[in-house]
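Chain identifiers are assigned alphabetically (A, B, ...) following the order of the sequence lines, protein sequences preceding nucleic acid strands; residue numbering begins at 1 within each chain.
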There are 2 protein chains.
Amino acid sequence: MSTSDSVHSPSPSSARLTRREQKERTRVALLDAALRLLERKSFSSLGLREVTREAGVTPTAFYRHFDSIEELGLVLIDDSFRTLRQMIRAARAEPRSPEHVIRSSVEILVRHVHEHRLHFRFIARERSSGLPAMRQAIRTEIRLFTSELATDLARFPYLDTWPTEDLGVVATLIVNTMVSTAEAIVDAPTDSREAEEEVIRHTEKQLLLIALGVSAWRRD
Amino acid sequence: MSTSDSVHSPSPSSARLTRREQKERTRVALLDAALRLLERKSFSSLGLREVTREAGVTPTAFYRHFDSIEELGLVLIDDSFRTLRQMIRAARAEPRSPEHVIRSSVEILVRHVHEHRLHFRFIARERSSGLPAMRQAIRTEIRLFTSELATDLARFPYLDTWPTEDLGVVATLIVNTMVSTAEAIVDAPTDSREAEEEVIRHTEKQLLLIALGVSAWRRD
DNA sequence: GAACTCTGTGCACAAGTGTTCACCGAATCG
DNA sequence: CGATTCGGTGAACACTTGTGCACAGAGTTC
């Protein structure tokens with residue numbers, strides 16, 4: 001039990017806190033605790049008391065921050081997708097020489113999955129299992145990402161003449177591949193470097209295959 | 001509450017039952033009840049009492065059939081994959097003219113998802129969320145399917161010269177696409193015919209794209 | 001500095017959970 | 001037919017859960 005420190009007795013680093021700071025501190029403590037527990041459990045089996053116990057807070061304190069665990073879950077999804085959007089922005093900012101776009105995209109994905117492992121794990125878990133509200137939120141977020149990718153694709157020469165539907169099909173295929181890759185990395189044991197290298201190699205080949213298919217598409 | 005019929009008072013169709021029959025009957029009643037509940041809940045939040053209540057049986061009766069709910073879950077996975085293997089056998093038995101292989105494969109997948117909606121839903125849910133034992137079981141089953149597909153691919157002309165690793169990459173890509181499609185269909189509202197038509201059309205295009213990519217692969 | 005605000009506490013409660021036990025009645029067996 | 005087996009019941013247990021209420025004590029405001 002390492003959670004013996006009460007929230008009331010502040011850590012030695014910060015002598016005294018304003019109320020806002022204090023409240024925010026236990027709020028993130030609750031969110032972190034939940035995320036930590038969600039590494040091993042699914043959200044639907046997550047208990048309010050369980051979270052507060054992990055956070056080192058009484059159950060009743062929970063209600064000062066959230067009306068229910070569902071609400072906390074939605075905040076968690078929001079946070080998770082915030083980091084994912086950061087990733088996408090990073091990927092777009094990258095200087096994109098066409099021949100290295102695949103390698104660098106996969107590299108960025110892998111790095112972000114490692115840096116925000118718990119967030120990705122949580123999304124992967126709840127994507128097809130969670131409460132309807134969560135699944136909906138996740139799905140629309142992924143859909144949004146997909147359509148952004150489609151408009152990005154439309155900027156490439158040759159692809160700019162494609163109908164939007166077909167661009168969407170390609171984008172969906174790419175996103176699905178990326179999602180599978182992310183899930184594979186999250187599920188893989190943390191230490192096995194070579195297993196991950198294999199996943200990366202496979203993903204790059206799959207994306208290359210898709211790219212080849214695209215360039216052969218209307219050549220009949 | 002339509003579960004008022006006790007298991008003890010046999011349905012009028014079958015006057016008297018042997019003990020084996022009777023036991024098997026409540027066993028499948030438990031499994032069916034669980035599967036029914038799992039359409040709306042995730043397995044980790046499934047309670048023993050909940051299942052027995054839905055099945056119209058006392059909680060203690062459960063232990064006459066399973067040691068725990070986890071065990072019931074594994075049986076459920078087994079059953080689910082039994083139907084999936086049926087599907088694969090059906091797909092392989094189909095006369096496979098190369099130009100229609102995509103259309104017929106997708107058609108078979110869609111039909112089976114509809115006929116065994118609850119099984120597919122269950123697998124989709126627990127694939128990335130369930131207990132470790134379940135996830136492991138599901139993953140190895142999908143992996144097995146993938147490698148079978150890879151050996152099938154190796155029988156095609158032109159592909160028979162490919163290294164097994166690359167065949168595996170292609171097979172994985174195809175299976176991922178199929179899994180995504182199955183999930184989309186299971187999640188879609190049951191009535192919307194046009195939404196499903198769109199999913200089918202997209203899937204076929206994606207598979208065609210992959211096929212094109214494959215045929216362009218070593219032409220550099 | 002006094003009055004107030006608010007975040008966290010402690011206690012209580014009803015409801016639900018998994019599991020054990022003795023028991024019952026009908027199918028099975030000698 | 002009598003004895004036995006066994007799939008079901010019902011009551012009881014020790015817990016855990018979510019939630020409500022009164023209260024404490026530190027931060028805030030006048």
Side-chain angles (χ1 to χ4, degrees), chain A residues 1 3-12 14-34 37-38 40-73 75 131, chain B residues 1 3-12 14-34 37-38 40-73 75 131:
Chain A
M1 303 296 162
T3 58
S4 59
D5 328 27
S6 164
V7 181
H8 266 165
S9 53
S11 53
S14 59
R16 216 156 271 183
L17 301 134
T18 167
R19 261 226 278 258
R20 283 265 269 274
E21 289 172 336
Q22 176 63 311
K23 182 169 187 181
E24 182 64 13
R25 184 163 295 204
T26 71
R27 186 185 138 97
V28 308
L30 286 168
L31 289 166
D32 282 0
L37 290 169
L38 286 170
R40 304 197 159 268
K41 308 190 45 145
S42 74
F43 184 82
S44 59
S45 70
L46 191 66
L48 184 152
R49 286 182 116 102
E50 204 179 354
V51 173
T52 56
R53 207 181 305 131
E54 173 83 8
V57 173
T58 22
T60 38
F62 182 91
Y63 295 103
R64 303 285 184 203
H65 303 271
F66 309 96
D67 282 345
S68 62
I69 335 182
E70 284 79 24
E71 196 183 305
L72 178 144
V75 172
L131 304 166
Chain B
M1 302 300 158
T3 57
S4 60
D5 328 27
S6 164
V7 182
H8 265 165
S9 52
S11 54
S14 60
R16 218 156 271 181
L17 300 136
T18 167
R19 263 227 277 260
R20 285 263 269 273
E21 291 172 334
Q22 176 64 309
K23 181 169 186 182
E24 182 64 13
R25 184 163 296 206
T26 70
R27 187 185 137 97
V28 309
L30 286 168
L31 289 167
D32 282 1
L37 290 168
L38 287 170
R40 302 197 160 269
K41 308 190 42 144
S42 75
F43 184 82
S44 59
S45 70
L46 190 67
L48 184 152
R49 286 181 115 103
E50 202 179 355
V51 173
T52 58
R53 206 181 305 131
E54 174 83 9
V57 173
T58 23
T60 38
F62 182 90
Y63 294 104
R64 303 287 185 201
H65 303 272
F66 309 96
D67 282 346
S68 61
I69 335 183
E70 284 79 25
E71 196 183 304
L72 179 142
V75 172
L131 304 166

Contacts satisfying salt bridge (charged side-chain N to carboxylate O under 4.0 Å, His left out) that involve residues 41-51 of chain B (not counting sequence neighbours) are K41(B)-E50(B)
Here the distance between atom C1' of dG8(C) and atom CG of L30(A), to the nearest Å, is 11 Å
ask   = Hey, mind stepping through E24(B) and R27(B) against side-chain contact (heavy atoms from CB on, under 4.5 Å) and telling me if it holds?
value = CA-CA 5 Å; E24(B) 182 64 13; R27(B) 187 185 137 97; 3.7 Å; yes
Rounded to whole Å, the CD-P distance (E54(B) to dG16(C)) equals 16 Å
Hits for side-chain hydrogen bond (donor to acceptor under 3.5 Å, both in side chains) against S42(B), two or more places apart or cross-chain, chain-then-number order -> S44(A), S44(B)
For residues 61-73 of chain A, which side-chain N or O atoms pair as donor and acceptor with protein atoms under 3.5 Å away, sequence neighbours left out?
residue : atom : partner : partner atom : Å
H65(A)  : NE2  : T26(A)  : OG1          : 3.0
S68(A)  : OG   : E70(A)  : OE1          : 3.3
S68(A)  : OG   : E71(A)  : N            : 3.4
E71(A)  : OE1  : D67(A)  : N            : 3.3

Protein heavy-atom contacts under 4.0 Å, written 5' to 3' over nucleotides 23-30 of chain D as B (base), S (sugar-phosphate only) or - (none), form the string ---BBS--
Which pairs, protein N/O on one side and nucleotides 17-20 of chain C N/O on the other, fall under 3.5 Å?
residue : atom : partner : partner atom : Å
dT17(C) : OP1  : R53(B)  : NH2          : 3.4
dT17(C) : OP2  : R53(B)  : NH2          : 2.8
dG18(C) : OP1  : L48(B)  : N            : 2.5
dG18(C) : OP2  : L48(B)  : N            : 3.3
dG18(C) : OP2  : R49(B)  : N            : 2.9
dG18(C) : N7   : R49(B)  : NH1          : 2.4
dG18(C) : O6   : R49(B)  : NH1          : 3.0
dT19(C) : OP2  : Y63(B)  : OH           : 2.6
dT19(C) : O5'  : Y63(B)  : OH           : 3.1
dT19(C) : O4   : R49(B)  : NH1          : 3.3

Taking every heavy atom of P59(B) against every heavy atom of L48(B), the minimum-distance pair comes out as O-CD2, 3.8 Å
From NZ of K23(A) across to P of dT5(C) the rounded distance in Å is 15 Å
